[in-house]
Amino acid sequence: MSLKSICPCFDGILAIFGQGSLKGPLSGLTNKRGSEGMGLPSEMQQQTIDMIVATAPVVAPKALDITKNFYNGMLATQPELLHYFNPAHHMPVSIHQPKALAGSIVAYASNIKDLSPLLVPGGPVAAICHRHCALGIYPAQYGVVHENLMASVGKALGSAVTPEIGAAWSEAVLFLAKACIDTEESLYKMAEQRSGGWSGFTEFQVSEIQEVAKGIKSFSFKPASGSALAGQNFEFTPGQYLSLKLDIGGKATAPRHYTVTSPPGADFLQCTVKKIQGGVVSTFIHEKLRVGDKVKLSAPFGVFTSEPGPSVLMSAGIGVTPMINFKRSLGDKVKLTVHVDSTPESYAYRKLFAEGPLLEKFTRTPGARRPTVQSLVTETLQSAGKENTFYICGPEEWMEEVQKELLKQGAKKVMCEVFGSQLATGCPFFAGA
């Protein structure tokens, strides 16, 4: 299998996520970019594919052990990599990140004969590459990942890893690394060439803060004084997210990712954030961030984007944020907006969604009850019909149940957005009846 044979699957990425007028690339990335000169394989030998197929059933049950060992080992020797990870998603607080990598390994091995299901625009590999670009990942770090991952495979499987098995998995990992590096370089260039585009993290200034619902604020940002981005209008695709880094007490935070809620083409960027109990960053920006303060942002990335055609927007809580620009961009193609929240006062941007058909369910108002997933989906389909694309964002368990029920009841297509790594959940990127 050659890299050339799978690259056509990436052809739609730049078309989907857009290119604008080039103002001269602005980049905060200082490390070598692209895979040239790294010696990575552009194809997998057939014997490698056969070996992965043969050993996948042994590796899959051990995948989470492998990834736990991987992160423990890598971060112990490379502690500077910790600043890429949200502590709330990582050990010892959570196994969300190891689960995501374990899911990636199993998916890759399971599809090794035909990788196209993983490589479709908007699919798992595209989502990973978008997240890597949002974080500013650079090619040399793939070598660190390969070294530590192979050591973890050996530790978890022991003597079962013969030289032949080890060589096959090594080649498979390096082949995927080249595919990701090349895709990420294309995405970095795309981000630089959009109107108001850049790559890496650059300095912005808080220009406005508004309370948009109970416990939810919008934060608007403009380029810092003297920035090459000053006066630019910012192009991105509705549904994409910003990545935000702060300095809290003299220490830089790991990036947090928040959906862009400013309109595409505006001369500012905005995200809308719910204050989470115990959340270090969300609490800080709600309580301490002020107009005029400096932050660092990376350009908008993300694969949860809308398609032309009739649509239904389904959200719960702060999962409303991707729906804001979907509503603006899709207009009357939105046949119904469905939202579940605690109270009307907690529903951010409620007025925007009330401009069209709206199904609201509140769980903490007098006499209210939380709707069952079955009843919510039934009412949604009765109101909007099945021949729509259904966009879902909210708590993971709720999304998983809603998308399953939609497909069960015959919905045409369902797309989900997880605030975190989707591969750590049971929510598909998209599915159809």
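All residue numbers in this chain count up from 1 along the given sequence. Predicted model, so just to flag it, every value in this text is computed and none were measured.
Residues passing the ring pair (Phe, Tyr, Trp, His ring centres under 6.0 Å) test with His146, sequence neighbours excluded: none. Applying the salt bridge (Lys or Arg N to Asp or Glu O under 4.0 Å) test to Lys155 and every residue at least two apart in sequence or in another chain returns nothing. Phe326 is linked by a ring pair (Phe, Tyr, Trp, His ring centres under 6.0 Å) to Phe304, Tyr391, counting only residues two or more places apart in sequence or in another chain. Listed by chain and number, the residues in a salt bridge (Lys or Arg N to Asp or Glu O under 4.0 Å) with Lys222 are Asp267 (sequence neighbours excluded). With sequence neighbours left out, Glu185 forms a side-chain contact (heavy atoms from CB on, under 4.5 Å) with Arg33, Tyr188, Lys189. Residues forming a side-chain contact (heavy atoms from CB on, under 4.5 Å) with Lys275 (at least two apart in sequence, or on another chain): Thr283, His286, Glu287. By the salt bridge (Lys or Arg N to Asp or Glu O under 4.0 Å) test, Glu401 pairs with no residue at all, sequence neighbours left out. Checked against side-chain contact (heavy atoms from CB on, under 4.5 Å), Asp50 has the following partners two or more places apart in sequence or in another chain: Gln46. By the side chain to side chain donor-acceptor pair (under 3.5 Å) test, Thr261 pairs with Gln270, Thr272, sequence neighbours left out.
Applying the salt bridge (charged side-chain N to carboxylate O under 4.0 Å, His left out) definition to pairs two or more places apart or across chains, those involving residues 350-361 are Arg350-Glu360, Lys361-Glu379. Every pair tested for salt bridge (charged side-chain N to carboxylate O under 4.0 Å, His left out) that includes a residue from residues 328-345 fails, sequence neighbours excluded, so the list is empty. Among residues at least two apart or in separate chains, there is no ring pair (Phe, Tyr, Trp, His ring centres under 6.0 Å) pair with a member in residues 394-416.
Between the side chains of Thr372 and Ser375, at least one donor N or O sits under 3.5 Å from an acceptor N or O. Ser35 and Asp182 share a side-chain donor-acceptor pair at under 3.5 Å.
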